[in-house]
Protein chains: 2
Amino acid sequence: MEFKDYKKLSLANDIVILTATDKPEDDKRKVPEKTLQILLIKRYEEPYNEFWSLPGGFVDYDKNLDDCAREKLYAKTGIKNLYMEQLYTYGDTNRDERGRVVSVAYLALVKKSDINIQISQKTDSSSASWFSIEPIRKTDEIVDVSLISEDGHLIVKDLAFDHKQMIIDALNRLQNKIEYTDLAFNLVPDFFTVKELQMVYECILGRAIQAFRRKISDKIKPADKMKDDGSAYRPAQLYKFDNKHSKF
Amino acid sequence: MEFKDYKKLSLANDIVILTATDKPEDDKRKVPEKTLQILLIKRYEEPYNEFWSLPGGFVDYDKNLDDCAREKLYAKTGIKNLYMEQLYTYGDTNRDERGRVVSVAYLALVKKSDINIQISQKTDSSSASWFSIEPIRKTDEIVDVSLISEDGHLIVKDLAFDHKQMIIDALNRLQNKIEYTDLAFNLVPDFFTVKELQMVYECILGRAIQAFRRKISDKIKPADKMKDDGSAYRPAQLYKFDNKHSKF
DNA sequence: TAAATAGTGTCTGTAAGACACTATTCT
DNA sequence: AGAATAGTGTCTTACAGACACTATTTA
């Protein structure tokens with residue numbers, strides 16, 4: 001038994017893939033701040049030819065929704081086990097001029113150190129690139145973003161479809177959830193300093209945090225390693241995530 | 001320009017419509033506790049013939065996703081302006097044996113006093129009914145529910161499709177959001193006593209709240225009315241929602 | 001007067017903001 | 001020695017939990 005065709009429509013995924021990276025810092029003695037980065041794909045077809053867009057594609061009739069998203073994520077990053085959650089479903093009639101397309105957006109968090117260089121190889125006829133995110137806030141809520149490419153240029157054109165709104169929604173989700181979950185640990189290496197973790201929290205929240213060390217002391221445990229990158233002053237203790245009471 | 005048909009699938013809405021109502025209380029001098037209730041529809045077709053299910057239906061190709069849900073909600077309740085938010089999208093391949101159906105679930109909150117009696121008239125060849133919800137919690141999270149009809153009987157069969165999971169997800173969403181938003185005011189009449197509002201919070205959270213009056217004092221303002229229902233002892237001040245700093 | 005609700009006062013513990021302070025390491 | 005980070009101590013404020021207390025009304 002099947003449904004009549006008039007009821008059917010196209011369903012897509014779009015994935016907001018975020019990572020945290022060091023901001024360039026001239027003074028090499030200072031601990032660099034962090035910025036969020038997002039992976040975007042350049043389109044080479046209409047509509048929105050030559051616009052940047054979120055990685056995504058149509059949902060396969062025979063696959064679970066979550067599995068589809070995870071497969072697309074793997075194709076772009078080469079990582080299998082990483083954090084992903086459903087974000088929101090966008091279903092306005094006019095969001096794709098080719099016809100009715102409803103899109104289920106996902107939010108994924110990756111450690112930059114985990115990413116495979118397969119990225120550009122796997123993507124066919126389209127180029128992928130990381131962009132730094134500069135959120136624009138109104139009373140703590142993110143209402144807009146600027147995106148800056150690795151060579152320092154702003155994206156001047158809008159993004160394809162309603163992808164900018166998806167990014168804004170994803171950033172707000174992350175900003176809210178980071179306060180009561182342990183999502184931030186998906187954005188630092190397995191071994192990290194307290195300061196590094198703090199920089200991740202601060203760039204997501206857009207504000208400084210006091211007494212940070214005390215607030216997360218029960219979520220981390222010291223590793224038998226010290227940071228050793230030559231450029232710093234006093235070397236910092238490296239920690240790892242203590243997932244005794246992890247909350248995702 | 002259109003997409004190929006093999007990409008297409010069926011998209012549905014399901015709506016979790018919740019309200020709060022007084023628990024039956026033998027001692028008429030006591031302020032009654034509140035229970036959450038949910039509106040369910042009895043199916044009279046396969047699959048899941050004679051099972052209870054969430055109100056819903058297929059998404060119209062020519063209508064925005066949100067508008068579709070709002071129209072269905074209006075058809076069931078006769079209310080136009082009420083609180084509704086998108087809950088989650090359920091997309092496992094095996095959730096409907098007739099074929100691939102992805103469903104976008106919504107959560108709606110209604111004041112029992114606002115509901116039109118149109119309900120049973122508007123629903124064609126299917127009967128609608130309210131069920132009291134008894135959540136089952138594990139460390140504060142709701143993991144299951146029992147549903148009790150107005151004549152005191154438990155639903156013994158499971159619900160249709162994955163609708164039970166949708167209800168559980170909706171209740172957890174409500175339980176979480178009620179702590180940092182003003183959603184609860186969608187579940188009390190326009191004029192309410194502090195105790196009545198507290199009963200709504202307590203039944204959603206599943207625990208008692210201390211010093212409730214102080215915590216919400218800046219969200220309510222006294223109305224020029226007192227409660228007057230004959231049965232109580234000292235009559236209580238009626239308040240209304242002060243939406244100066246409302247958060248939804 | 002008893003019983004029940006309406007509403008206030010106050011103590012205590014916890015956690016965050018603010019910020020001064022000590023300790024350590026490299027140039 | 002100076003500069004920077006690593007890490008601690010402590011004061012204050014705010015708020016939640018707990019619970020005793022007063023006030024008001026009707027059976």
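So you know, we letter chains A, B, ... as the sequences are listed, proteins then strands, and number each from 1.
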Quick one: are the ring centres of B:Tyr239 and B:Phe191 less than 6.0 Å apart?
no
Check ion pair B:Arg207-B:Asp140 (N to O, under 4.0 angstrom):
no
Are B:Gln175 and B:Ile142 side-chain neighbours, meaning at least one heavy-atom pair lies under 4.5 Å?
yes
Whole-Å distance separating the CZ atom of A:Arg234 from the P atom of C:dT22:
15 Å
Tell me, do B:Leu109 and B:Leu174 make a side-chain contact under 4.5 Å, heavy atoms counted?
yes
Whole angstrom value for the distance that separates P of C:dT25 from CD of A:Gln237
12 Å
Nearest-angstrom distance from the residue atom CZ of A:Phe192 to P of D:dT5
20 Å
Could you check whether the side chain of B:Arg214 and the base of D:dG17 have a donor-acceptor pair of N or O atoms closer than 3.5 Å, going by distance alone?
no
Nearest whole Å is fine: how far is D:dA6 P from A:Tyr239 OH?
10 Å
Ignoring hydrogens and angles, answer whether the base of C:dA6 and the side-chain atoms of B:Arg213 contain a donor-acceptor pair closer than 3.5 Å.
no
Winner on side-chain proximity to B:Lys215, out of D:dG7, C:dG17, D:dA16, is D:dA16
Please state how far atom CE in A:Met199 lies from atom P in D:dT5, giving the value in whole angstrom units.
8 Å
B:Glu196 atom CD is separated from C:dG7 atom C1', nearest whole Å, by 17 Å
Taking the nucleotide of DNA chain C with the closest heavy atom to each, which residue, B:Lys30 or B:Ala211, is nearer the 5' end?
B:Lys30
OP1 or OP2 of C:dA18 under 4.0 Å from side-chain N/O of A:Gln210:
yes
Length of the line joining B:Phe212:CZ and D:dC19:P, which is rounded to integer Å:
20 Å
Interatomic distance, A:Ile209 CD1 vs C:dC19 P [rounded to whole Å]:
17 Å
Does B:Lys195 have a side-chain nitrogen or oxygen under 4.0 Å from the phosphate oxygens OP1 or OP2 of C:dG7?
no
Residues B:Lys138 and B:Asp144 bridged, charged N to O under 4.0 Å:
no
